[in-house]
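Atom set for the values below is all heavy atoms of this structure, side chains included, hydrogens, waters and symmetry mates excluded. Numbering of residues begins at 1 and proceeds along the displayed sequence.
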Amino acid sequence: QVKLVESGGGLVQPGGSLRLSCAASGFTFSMYAMSWYRQAPGKERELVAVITSGGGPTNYAMSVKGRFTISRDNAKNTVYLQMNSLKPEDTAVYYCNADGGKSTGWGTRLFAWGQGTQVTVSS
């Protein structure tokens, strides 16, 4: 079975940093683009960042560009999200998933959602 396990969230002050990890299993990780999503209370899940299967081109939501960095380690079946200069509006549950890419439209998740990891940015 496909498993996506997010970790690394927590409570941070505005301007702080966190590094999220997503450990994937049950599929050939290196063949898939991967994405991070987030969902704030009362809002729809939104795409945050995308990385291609080889770890080359990346793309980001305008709201996080310049502050967040997505990366991956195919040998470890893990994708990361480095979050710097955090703002209160970044508060959300963060999820990862395989991304269908151009075939489905970027930001189309391929597997069931994991539990996510909570990020809270507050003073």
Side-chain angles (χ1 to χ4, degrees):
Q1 294 182 339
V2 171
K3 181 178 286 188
L4 300 167
V5 182
E6 300 92 345
S7 63
L11 174 64
V12 297
Q13 294 185 348
S17 297
L18 283 173
R19 191 191 192 206
L20 307 184
S21 297
C22 170
S25 61
F27 65 100
T28 306
F29 181 79
S30 62
M31 290 185 175
Y32 293 85
M34 295 292 294
S35 294
W36 283 96
Y37 305 78
R38 67 186 181 187
Q39 187 169 30
K43 296 187 176 182
E44 294 186 350
R45 207 183 312 252
E46 64 175 340
L47 179 66
V48 174
V50 182
I51 187 167
T52 56
S53 60
T58 58
N59 205 2
Y60 301 89
M62 189 69 69
S63 59
V64 308
K65 187 171 293 185
R67 300 187 297 119
F68 291 10
T69 302
I70 187 171
S71 62
R72 67 192 295 161
D73 186 339
N74 285 347
K76 296 181 178 180
N77 283 10
T78 302
V79 61
Y80 306 94
L81 186 68
Q82 178 66 47
M83 306 186 297
N84 299 325
S85 301
L86 284 162
K87 304 175 180 179
E89 50 263 46
D90 295 319
T91 297
V93 179
Y94 285 71
Y95 303 86
C96 66
N97 216 306
D99 196 306
K102 291 184 177 181
S103 297
T104 57
W106 293 102
T108 302
R109 57 98 176 176
L110 297 182
F111 304 122
W113 299 110
Q115 293 282 67
T117 185
Q118 175 73 232
V119 172
T120 302
V121 185
S122 177
S123 298

inquiry  = Quick one, Trp106 with Thr52, criterion side chain to side chain contact (heavy atoms under 4.5 Å, CB included). Give me CA distance, side-chain angles, the key distance, then yes/no.
reply    = CA-CA 10 Å; Trp106 293 102; Thr52 56; 4.2 Å; yes
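- Placement of Leu4 and Val50 in two distinct hydrophobic clusters is found when ILVMFWY residues are connected by side-chain heavy-atom separations under 4.5 Å, directly or transitively.
- With sequence neighbours excluded, no residue forms a side chain to side chain donor-acceptor pair (under 3.5 Å) with Gln39.
- A single hydrophobic cluster is not seen to contain both Val93 and Met83; linkage of ILVMFWY side chains at heavy-atom distances under 4.5 Å, directly or through other members, places them apart.
- The heavy-atom pair separating Asp90 from Tyr94 by the smallest distance is O-OH, 2.7 Å.
- To the nearest 0.5 Å, atom CG of residue Asp73 and atom OH of residue Tyr80 are 5.0 Å apart.
- In this view, Asp99 and Ser35 satisfy the side chain to side chain donor-acceptor pair (under 3.5 Å) rule, not counting sequence neighbours.
- Taking the ring centre of Tyr37 as origin, the terminal cationic atom of Arg109 falls outside the region bounded by 6.0 Å and 45° from the ring axis.
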Residues 6-34 side chain polar contacts: donor-acceptor under 3.5 Å, at least two apart:
{"unit_1": "Glu6", "atom_1": "OE1", "unit_2": "Gly116", "atom_2": "N", "d": "2.9"}
{"unit_1": "Glu6", "atom_1": "OE2", "unit_2": "Cys96", "atom_2": "N", "d": "3.0"}
{"unit_1": "Ser17", "atom_1": "OG", "unit_2": "Asn84", "atom_2": "OD1", "d": "2.9"}

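- Using a 4.5 Å heavy-atom cutoff, the side chains of Ile70 and Val79 are in contact.
- Smallest separation of non-hydrogen atoms from Val64 and Arg38: CG1-NH1, 3.8 Å.
- Applying the 6.0 Å contact sphere to CD of Gln115 captures no more than 12 heavy atoms from other residues, nucleotides or ligands.
- When ring centroids are compared, Phe68 and Trp36 stay outside the 6.0 Å threshold.
- In terms of hydrophobic clustering, with Ile, Leu, Val, Met, Phe, Trp and Tyr side chains grouped at heavy-atom distances under 4.5 Å, Tyr60 and Leu47 are assigned to different clusters.
- From Thr104, atom OG1 reaches atom NZ of Lys102 across 12.0 Å, with rounding to the nearest 0.5 Å.
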